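Below, chains carry the letters A, B, ... as their sequence lines are ordered, and counting in each starts from 1. What you see is a predicted model, and the numbers here were worked out from it, not measured in a lab.
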Amino acid sequence: MSYWLVKSEPSVWSWDQQVAKGAKGEAWTGVRNYTARQNLVAMKKGELAFYYHSNEGKEIVGIAEIIKEAYPDPTDKTEKFVCVDIKAHKAFKTSVTLVAIKAEPKLAEMALVKQSRLSVQPVTPEEWKLVCKMGGL
DNA sequence: GCCAACGTTGGC
DNA sequence: GCCAACGTTGGC
């Protein structure tokens, strides 16, 4: 069981829109980076991912679940990249801001802090537990 | 809106 | 296959 973190600009696709899709979920398309692609491919059905809002908010707002493993991204004309389907799993009671993450020494190694540009990242079990706690879950 | 960090492209 | 130029992301 691996844990992940996916990023979205709320102006493009927000948590609320994801929630509105319900159990059916939505294709997580638009990844055009090979490191992120590798992470997408490694995702297994049923695994969980933090849902992070970049630019606006800069906070983790909830948890999504992978409901379909990697397949070719229909929005990619070059046919090199893949996407997965995810659905909203659980909202945080309180969102965990980037500021709060940076203020927590145990989270200093998070990819979110170290590789801020990577849009699909792995999260360690320790980080997962702590961030869930900070989010009120 | 600026700029640093980083990924990608293309000429050699 | 290196590396300079360029484009993009995302925090501030």
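Here A:D76 pairs with A:T78 under the side-chain hydrogen bond (donor to acceptor under 3.5 Å, both in side chains) rule; sequence neighbours left out. Partners of A:N55 by side-chain hydrogen bond (donor to acceptor under 3.5 Å, both in side chains), not counting sequence neighbours, listed by chain and number: A:E9. A:W28 meets the ring-ring contact (aromatic ring centres under 6.0 Å, His included) test with A:Y51; sequence neighbours excluded. Applying the side chain to side chain contact (heavy atoms under 4.5 Å, CB included) test to A:E56 and every residue at least two apart in sequence or in another chain returns A:P10, A:S11. For A:S95, the side-chain hydrogen bond (donor to acceptor under 3.5 Å, both in side chains) criterion is met by A:E59, not counting sequence neighbours.
Under the 3.5 Å distance criterion, the side-chain polar atoms of A:E104 are left unmatched by any main-chain donor or acceptor of A:I101.
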Identify each donor-acceptor pair in which a side-chain atom of residues 121-128 of chain A lies under 3.5 Å from a protein atom, sequence neighbours left out, and give them as a table.
from: A:Q121; atom 1: OE1; to: A:L112; atom 2: N; distance (Å): 2.9
from: A:Q121; atom 1: NE2; to: A:Q115; atom 2: O; distance (Å): 3.4
from: A:Q121; atom 1: NE2; to: A:L118; atom 2: O; distance (Å): 2.9
from: A:T124; atom 1: OG1; to: A:E127; atom 2: N; distance (Å): 3.2
from: A:T124; atom 1: OG1; to: A:E127; atom 2: OE1; distance (Å): 3.3
from: A:E127; atom 1: OE1; to: A:T124; atom 2: N; distance (Å): 3.0

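Residues from residues 96-104 of chain A that place a heavy atom under 4.0 Å from any atom of DNA chain C, listed by number: A:L98, A:K102.
Residue A:K58 is in base contact, counting any heavy-atom pair closer than 4.0 Å across all strands shown. Nucleic acid contact for A:N55: base, since at least one base atom lies under 4.0 Å from a heavy atom of the residue.
For the ring pair (Phe, Tyr, Trp, His ring centres under 6.0 Å) condition, the pairs that include at least one residue of residues 56-89 of chain A, sequence neighbours left out, are A:Y34-A:F81.
Nucleotides of DNA chain B lying under 4.0 Å from heavy atoms of chain A occupy a range whose first and last members, 5' to 3', are B:dA5 to B:dT8.
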